[in-house]
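Worksheet: one structure, shown below.
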Amino acid sequence: MYRKNALAAGVAAALALGSVTTVATQSTAVPQSAAVGTSAAQPGAGFRAMTADTRGEAIREAGRNASATARALGLGPEEHLVAKDVLIDTDGARHVRYDRTYDGLAVIGGDLVVHLAKNGAITGSDLAHQGAIEAVGITPKLTAADASAKAVKHAKHVRKAKAGSKDSTLVVYAAGKIPVLAYRSTVTGAGKTGPASREAVILDAASGALLDQFELHQSVTGTGNGVTVGQVSIETTQTGSGYTLTDPAHGGTIVYDSYNSPQSNPRQNARAFSKTSNSWGNGTASSRESAAVDASYGLAKTWDYYKGSFNRSGIRNDGRGAPAYVHVDNSLVNAFYDDTCFCMYFGDGSSQNGNTPVTAVDVAGHEMSHGVTASTANLNYSGESGGLNEATSDIFGTMVEFYANNAADPGDYYIGEKLNMSGGYLRRMDNPSADGNSLSCWNSGAGSVDVHYSSGIANHFFYLAGEGTGAKTIGGRSHSGTTCNNDTFAGIGKDKAAAVWYRALTAYMTSTTNYAGARTATLQAAADLYGTNSQERYLVSKAWAAVSVGAALPDPGNGTPTPDPTDPPSGNALANGSFEQGTSGWTQSDNIITNSSLQPARDGSWYAWMMGYGADAVESVSQSNIAVPATGAPKLTFWLKVSTQESGYAAYDTLKVKINGTTLATYSNANASSGYVQKTVDLSAYKGQSVKLEFAGTEDTYLATVFLLDGIAIG
C-alpha cells in the first residue's frame, strides 16, 4: 500500500507551563554545522556516527552504484534506483535504502533496502515489491482529468459535495501482486480534519478501479484542562537588542505564530516570535507565547532523544530543524507533521478540550517521528503498515516523554494522558483494548481497522518487550502487563526495545511491511544488536507471541534444544509443510512460496500465495514422493485464507487439492474468509502409498481472488 507524503496527527495532548527559564544564544555563536552529528561516541542501534558530509558522500556513492545494484537484484531495464539514505554499521557493513522508478514514473511500493558487507558485496535485500516490474505500459486509457473526477467520486474522508481533485499524476502501483499503471490524485475539501482536508486516491489508469485511498491529515480530538509541564529551559537566538524563538542548537528550528491562518494555508499570516526580553509566556493557554514555548521544548527534547540514542541529527538525519507553527486556524483540536513542506503545525484546541493548545511533549515526539518514518521505511498509511506507522510514532513519542524526564509530566505508556479525556487517555500501550477500540492482539482483520486502533498491536508488543508482564506503577500510573496467550516473562528494558525498533525501522522495514514482517525485522535487528542466541532476541519473540504474532523462539538459556515452533508437527509426512525453509521440498510453477509482507502468514513468516492476478491464470505448487501413513485414518490438513473481489456464490476462481492428479477437494472465491481456516481432506484411500500432492489454482478473466496456504500436514 502507498503511504502519503503528509502525515497528520495521530495523537494530541496537553501540557502545562509554569514560569520559564530560557537560554539565549548569539546567532553567530553556534554555526549551523555544529548541529550536525560529529560525536565519536558509538550511537545506539549498532550504527556508526556520520557527519552530514560523510552521509552525503555515502548516498552519492550509493547513487553511483545504483545501476549495478539494479542489475544484481534482477530488475528490468526500465527500472532505476534512486539512493535515499545510507546507514553504516560499526563493523563497516552498509544498509542502502533506494526508491524505484519505472520508465521515469515513481513506483508506489517499489522501495527497497540493500545490505552490503564492508567490502561492498551484497549480502541481502528487503524489497517492498519482490522481483522486477515487467511489461507495464505507460500509456493510460484515462486522462488526468478523468482520474481527478473519478477520485472525487471515490473519496470517503472528504465530503464529495464540496470536494475537488488536483495533481493527478501517473505512477506505477506495485503494492499489489501485479504492478499496474495508476493515477495518484489528491482530493481536497471539507472533512473530519477541517475545511481543508486532503485525501490521496490511487486509481487504475486503465479501468479507473480504486486501488487505495487514505487521509493526508489524520486527526485526533480530545478534551483537556490546562498545561502542566512546569518550568523549562529553551534555546533562543539573540538578534540585535531582541530575541527570537530560533533554536540554533537543534538545526535552526524556528517556532512561528500562525496567527490563526486557516488550515488550508497555515503559513498565510505567519510571523516569527520576537521580543526584547528573553522570558516567554506566563504558563497559561491565553498567552500566545506559552504554546510556542511548549512546542520549542518538545521539539528540542525529541531532537535530543534521537541524537543521544541513535546519533540521528534531526528528522531527516541531515542536521536541519523542521519549522513549527502554533495557533493554526481557529478551534483546531489537532497537530500534524507535513512531509511535503517539512513542517509541523499545532492547533489551539477548542471548547471541546478546554481551549488547550495541542502542543505537548509527546505530541512533538509523535509527530516528528512521522517524519523519521517518512525518511526511512516510509510505511504506507493504510492496512497493517499504517498501524505500524502510527505505533512507531507512539513508541518514540513515549520514549521522548521518558527522555524529557519532566517532573510535572513523568514518563509512562499512556498516550494523551494530559488531555483530561473521559477515560483518562487516548491510548494505552500496556493494555490497548482498554479504550474499547484499539487492538491488543493481532487478528486477520487488523489491516482493515483504523490505523490509530490497529497500532495497538505494536504498542502492546513494545510495552511487553520493554517492561515484561505483570502489574506495575510507572510514572504514577497503573500499568497491566497482560498478554494474549497468558504467558509471563521479563522485559529487556525500554531503551533496548527502542533500539531494536529503530534498527528494524531504518534497516529492514519497507513501505509494505506488515505485522509478520515487523516481527521478522525486529528479530533480525535484535540479532544484529545482541546476538542470534541472545536473551534479548528470545524475549522479543516472546513479546510478539504475546500479541498473537508468530510463536516464541526456543529459549537459548534453558540448555535443552527444543524444536522451532514453526516446524511441521511431529509425524508430518510432508517436508517443510510450514514453508519456513522457503521452497525446500516443493515444486512451484511461479514465485508462489514467499515471505512477502503484502499478505499475512498463518504462522512464522513464510506461506504460499496463489493467484490474485485478476486475469486468466493458472498456478500450482506440489510435493512428490510423500509416504502416506499405512495405519489409522490418514488425512491432509492445511490452513487456507481466501480473499476475493468477486461477489455471489458462483465459483469463478478455484483452488483444487489433488492427489496423484485426482481432485479430492475444490475451494473458490465463494469460500472467502476474514482469516485462515483449517481444512481437512480424507486420505484413507491412499494408505501406505507414495503420492504426489498438488494445489492447483485457476483464475478467470475478471476480478482477483487470492488463496493463501500455510501449515500443511499429512499424518
Side-chain angles (χ1 to χ4, degrees), residues 9 12-17 20-27 30 32 35 227 229 231-239 242-261 263 265-305 314-316 319-329 332 334-338 341-349 356-371 397 400 404 406:
L15 172 68
L17 297 175
V20 178
T21 301
T22 59
V23 179
T25 305
Q26 294 285 346
S27 58
V30 182
Q32 182 67 30
V227 291
V229 74
Q231 187 176 14
V232 296
S233 297
I234 60 173
E235 298 284 344
T236 65
T237 295
Q238 186 172 1
T239 56
Y243 304 86
T244 65
L245 285 180
T246 304
D247 186 346
H250 298 94
T253 299
I254 305 175
V255 180
Y256 293 93
D257 190 336
S258 173
Y259 270 88
N260 306 103
S261 300
Q263 189 180 351
N265 186 8
R267 291 172 282 167
Q268 176 177 291
N269 305 319
R271 65 191 78 175
F273 281 93
S274 63
K275 60 187 305 185
T276 56
S277 70
N278 202 22
S279 178
W280 304 81
N282 60 18
T284 68
S286 61
S287 168
R288 300 189 77 84
E289 294 174 3
S290 294
V293 170
D294 193 354
S296 180
Y297 175 80
L299 295 174
K301 290 300 181 184
T302 304
W303 180 295
D304 290 344
Y305 168 73
I315 296 175
R316 291 178 172 169
R320 293 197 302 127
Y325 296 81
V326 297
H327 305 302
V328 174
D329 218 318
L332 179 63
N334 193 13
F336 55 91
Y337 167 82
D338 187 340
C341 67
F342 194 46
C343 297
M344 290 186 63
Y345 301 108
F346 300 90
D348 277 341
T356 303
V358 190
T359 50
V361 174
D362 55 355
V363 173
H366 178 106
E367 301 304 344
M368 283 186 74
S369 295
H370 275 312
V400 169
N406 188 295

Next item on the list: Go through Y305 and M368 one step at a time and tell me if the side-chain contact (heavy atoms from CB on, under 4.5 Å) criterion holds.
Entry: CA-CA 11 Å; Y305 168 73; M368 283 186 74; over 6 Å; no
Give the minimum heavy-atom separation between [X] and [Y], together with the two atoms involved.
X: S290; Y: N282; answer: OG-N, 3.3 Å
X: T237; Y: P248; answer: OG1-CD, 3.3 Å
X: S258; Y: P266; answer: OG-O, 2.7 Å
X: D304; Y: H250; answer: OD1-NE2, 2.7 Å
X: G298; Y: T302; answer: O-OG1, 2.8 Å
X: F346; Y: A295; answer: CE1-CB, 4.0 Å

For [X], check side chain to side chain donor-acceptor pair (under 3.5 Å) against everything at least two apart and list the hits.
X: S274; result: none
X: T253; result: none
X: T276; result: none

Check: Where do H366 and V400 land on the side-chain contact (heavy atoms from CB on, under 4.5 Å) test, with the steps shown first?
Finding: CA-CA 9 Å; H366 178 106; V400 169; over 6 Å; no
Could you grab the distance from atom [atom1] of [X] to atom [atom2] of [Y], nearest 0.5 Å is fine?
X: W303; Y: E235; atom1: CH2; atom2: CD; value: 12.5 Å
X: D329; Y: N265; atom1: CG; atom2: CG; value: 11.0 Å
X: I315; Y: E367; atom1: CD1; atom2: CD; value: 10.0 Å

Item checked: By side chain to side chain contact (heavy atoms under 4.5 Å, CB included) - contacts of S369 (at least two apart) -> Y306, S393, F396
Item checked: A292: side chain to side chain contact (heavy atoms under 4.5 Å, CB included) partners, not counting sequence neighbours -> L245, V255, F273, V326
If we ignore angles and hydrogens, is there a donor and acceptor under 3.5 Å between the side chains of [X] and [Y]?
X: N260; Y: H327; result: no
X: S277; Y: S279; result: no
X: W280; Y: N278; result: yes

Notebook entry, point to check: Which salt bridge (charged side-chain N to carboxylate O under 4.0 Å, His left out) pairs, counting each pair once, include a residue from residues 243-260, with sequence neighbours left out?
Noted result: D257-R288
Next item on the list: Give the C-alpha distance, both sets of side-chain angles, the deciding distance and a yes or no for side-chain contact (heavy atoms from CB on, under 4.5 Å) between N406 and V361.
Entry: CA-CA 10 Å; N406 188 295; V361 174; 5.8 Å; no
Note to self: Taking the side chain as everything from C-beta on, heavy atoms only, tell me whether R267 gets closer than 4.5 Å to P323.
What the structure shows: no
Check: Okay, side chain of S287, backbone of T284: is any donor-acceptor separation there less than 3.5 Å?
Finding: no
Margin query: Has T356 got a side-chain atom pairing as donor or acceptor with G349's backbone, closer than 3.5 angstrom?
Written below: no
Item checked: Partners passing ring pair (Phe, Tyr, Trp, His ring centres under 6.0 Å) against Y256 (at least two apart in sequence or in another chain) -> Y325
